[in-house]
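So the structure is just underneath, and the comments pick up after that.
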Amino acid sequence: MSFLGFGGGGQSQVSSQQKVQAAEAELDLVTDMFNKLVDNCHKKCISSSYSEGDLNKNESNCLDRCVAKYFETNIKVGENMQQIGQNFQAAGRL
């Protein structure tokens with residue numbers, strides 16, 4: 001599924017240039033989300049003074065929970081945004 005809605009059928013003709021631009025915009029969004037995830041979870045879970053080369057158990061558990069919460073929140077926000085968009089479109093048709 002595409003974040004920008006170009007992944008489904010039943011859409012009007014979209015030029016190749018528009019598809020490339022949409023794919024680039026989607027890649028930018030996904031890359032930005034990943035970078036924020038890494039930055040936020042790293043700051044939260046890993047001490048700034050490294051004492052070991054590997055993650056310890058507490059750091060690993062913290063990262064697992066942080067990533068799970070980040071994706072869960074992202075899904076909920078996306079669902080809410082889609083609902084708002086659908087409501088907005090439905091209101092425009094009246």
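Sequence positions, counted from 1, serve as the residue numbers for this chain. On a predicted model such as this, the values are computed, not experimentally measured, just so you know.
Listed by chain and residue number, nothing satisfies the side-chain contact (heavy atoms from CB on, under 4.5 Å) test with S48 (two or more places apart in sequence, or in another chain).
Expressed to the nearest 0.5 Å, how far CD of E79 lies from NZ of K76 amounts to 8.5 Å. Rounded to the nearest 0.5 Å, atoms CG (N87) and CD (Q82) are 12.0 Å apart. The distance from atom CG of N56 to atom CD of E59, rounded to the nearest 0.5 Å, is 4.0 Å. With rounding to the nearest 0.5 angstrom, the CG atom of N40 is 10.5 Å from the CG atom of N35.
Hydrophobic clustering of Ile, Leu, Val, Met, Phe, Trp and Tyr side chains at less than 4.5 Å, counting indirect connections, unites M33 with L37. M81 and I75 sit in two unconnected hydrophobic clusters of ILVMFWY residues. Membership requires side-chain heavy atoms under 4.5 Å apart, directly or through other members.
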Enumerate donor-acceptor pairs with a distance under 3.5 Å from any side-chain N or O in residues 62-70 to protein atoms, sequence neighbours excluded.
none

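Sequence neighbours left out, the pairs with a member in residues 35-51 that pass salt bridge (charged side-chain N to carboxylate O under 4.0 Å, His left out) are D32-K36, D39-K43.
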